[in-house]
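For the numbers below, each heavy atom of this structure counts, side chains included, while hydrogens, waters and symmetry mates do not. Bear in mind that the values here come from a model prediction, so they are computed numbers and not experimental data.
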Amino acid sequence: MDSTVTWFEVATDDPDGAERFYGGLFGWTFTPGGGDVMDYRMISSAGAERPSGGLFNTKGDFPAHAVFHVQVADVEAACAQAESLGGKVVTKVVGDGSGTDFAYLRDTSGNQFGVFRQRG
């Protein structure tokens with residue numbers, strides 16, 4: 001699955017409105033996924049075995065956006081390669097061996113996207 005778009009995220013300060021919009025447009029369903037830490041809702045398509053995206057409540061702290069995420073074998077290596085190709089690392093979180101490593105990058109046109117590696 002490396003180098004494949006395997007996750008997407010919609011970020012908004014109106015998650016209930018986004019649920020109505022995307023649920024009505026695409027038939028997506030939403031389930032809580034952020035625990036007590038954040039309002040993050042898992043997005044599933046009709047008939048899907050597992051969620052393929054998330055809806056993040058920004059609470060107005062971040063601009064609304066939609067972004068795709070590409071699964072990679074090594075987040076740090078992907079960041080280094082992106083920079084060597086003229087891209088920029090916006091945020092990088094690499095853990096201690098468990099959980100998920102991820103980074104948000106910008107391509108040479110300024111488009112933001114994510115890369116991640118699920119550990120464990």
Side-chain angles (χ1 to χ4, degrees):
M1 294 263 267
D2 287 341
S3 300
T4 301
V5 175
T6 57
W7 192 259
F8 69 93
E9 181 175 82
V10 176
T12 178
D13 62 356
D14 181 14
D16 294 333
E19 277 194 25
R20 285 189 300 276
F21 177 80
Y22 288 109
L25 183 62
F26 299 124
W28 293 349
T29 57
F30 302 82
T31 56
D36 294 335
V37 178
M38 68 175 67
D39 181 1
Y40 195 90
R41 304 168 191 192
M42 309 303 274
I43 301 171
S44 297
S45 299
E49 291 182 24
R50 63 178 194 258
S52 58
L55 178 67
F56 171 56
N57 183 356
T58 67
K59 299 180 182 175
D61 295 335
F62 306 98
H65 65 272
V67 63
F68 66 89
H69 298 264
V70 177
Q71 185 171 327
V72 296
D74 184 325
V75 169
E76 292 201 67
C79 289
Q81 185 171 6
E83 288 179 321
S84 77
L85 295 168
K88 296 191 187 304
V89 176
V90 178
T91 305
K92 179 172 57 171
V93 176
V94 176
D96 61 358
S98 62
T100 302
D101 296 339
F102 69 92
Y104 287 106
L105 309 172
R106 289 200 190 279
D107 66 17
T108 55
S109 296
N111 298 303
Q112 185 167 307
F113 64 99
V115 295
F116 77 98
R117 175 181 178 216
Q118 184 69 44
R119 293 180 175 259

To check you understand the geometry: which heavy-atom pair defines the closest contact between [X] and [Y], and what is its length?
X	Y	answer
Asp101	Gly95	OD1-N, 2.7 Å
Ala103	Val75	CB-CG1, 3.9 Å
Leu105	Ala82	CD1-CB, 4.0 Å

- Which of Asp16, Asn57, Thr29, Thr31 passes side chain to side chain donor-acceptor pair (under 3.5 Å) with Arg41? Answer is Asp16
- Message: Tyr104 and side chain to side chain donor-acceptor pair (under 3.5 Å): which single residue from Lys88, Glu9, Lys92 fits?
- Response: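 The option that passes is Glu9.
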Is there a continuous path of hydrophobic side-chain contacts, each under 4.5 Å between heavy atoms, that joins [X] to [Y]?
X	Y	result
Val5	Val10	no
Phe62	Tyr40	yes
Val67	Val115	yes

- Query: Quick one: are Trp28 and Ser44 in side-chain contact, heavy atoms under 4.5 Å?
  - Reply: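 The answer is no; the side chains never approach within 4.5 Å.
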- Task: Report yes if some heavy atom in the side chain of Thr108 is under 4.5 Å from a heavy atom in the side chain of Leu85; otherwise report no.
- Result: no
- Item | Short side-chain to backbone donor-acceptor contact, Ser109 and Asn111, under 3.5 Å | no
- Item | Asp13 (side chain) donor-acceptor with Thr58 (main chain) under 3.5 angstrom | no
- Query: Only one of Phe8, Phe116, Phe113, Trp7 clears ring pair (Phe, Tyr, Trp, His ring centres under 6.0 Å) with Phe68; which?
  - Reply: Phe113
- Is Asp74 paired with Arg117 through a side-chain N to carboxylate O contact shorter than 4.0 Å? no
- Message: Counting only heavy atoms from other residues, nucleotides and ligands, does the tally under 6.0 Å from CD of Glu83 exceed 12?
- Response: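 Yes, the 6.0 Å shell around CD holds more than 12 heavy atoms from other groups.
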- Task: Could you check Phe30 against Ile43 for side-chain contact (heavy atoms from CB on, under 4.5 Å), going step by step and ending with a plain yes or no?
- Result: CA-CA 5 Å; Phe30 302 82; Ile43 301 171; 3.5 Å; yes
- Message: Nearest 0.5 angstrom please: Phe21 CZ to Asp14 CG, how far?
- Response: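 The distance works out to 12.0 Å.
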